[in-house]
> 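My questions all concern the structure below.
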Amino acid sequence: MNIFDFFRERKKETSASIAKERLQIIVAHERGQRSTPDYLPDLQKELVEVIRKYVNIDSDQVQVILEDQGNCSILELNVTLPDR
């Protein structure tokens with residue numbers, strides 16, 4: 001199979017099959033985002049506000065990760081602090 005065969009096969013797909021493929025990608029993306037709780041963005045915002053009381057940081061210097069491990073969840077907070 002050469003590179004031109006790839007493009008010829010791609011043209012043979014119908015618009016319905018392309019739409020179906022795109023919809024599957026969108027649904028998979030939505031399912032992936034649904035696993036994060038709704039309160040996580042608000043929690044990150046509040047944490048940044050608390051840290052700002054003591055250290056001058058930007059909101060992009062804080063990363064909040066929620067990880068599920070079996071029957072418990074782990075909340076990881078990474079803050080990049082400026083040099084003194």
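Just so we're clear, the structure is a prediction, and the values are computed from it rather than from any experiment.
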> Can you sort out the partners of Asn78 under side-chain hydrogen bond (donor to acceptor under 3.5 Å, both in side chains), two or more places apart, ordered by chain and number?
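Asn78: side-chain hydrogen bond (donor to acceptor under 3.5 Å, both in side chains) contacts with Glu76.
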> Would Leu43 and Leu75 count as a side-chain contact (heavy atoms from CB on, under 4.5 Å) here? Give the steps.
CA-CA 11 Å; Leu43 177 64; Leu75 180 67; 3.8 Å; yes
> Kindly compute the distance separating OG1 (Thr80) from CD1 (Ile57), expressed to the nearest 0.5 Å.
8.5 Å
> Is there a side-chain contact between Gln63 and Ile65 in this structure, where contact means two heavy atoms from C-beta onward sitting under 4.5 Å apart?
yes
> Same cluster or not: are Tyr54 and Leu47 linked, directly or through other Ile, Leu, Val, Met, Phe, Trp or Tyr residues, by side-chain heavy atoms under 4.5 angstrom apart?
yes
> Which atom names give the shortest non-hydrogen contact between Asn56 and Pro82, and what distance separates them?
O-CG, 3.6 Å
> More than 12 heavy atoms of other residues, nucleotides or ligands under 6.0 Å from CG of Asp58: yes or no?
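Atom CG in Asp58 is packed in, count exceeds 12.
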> About how many Å separate CD of Glu67 and CD1 of Ile74, when rounded to the nearest 0.5 Å?
5.5 Å
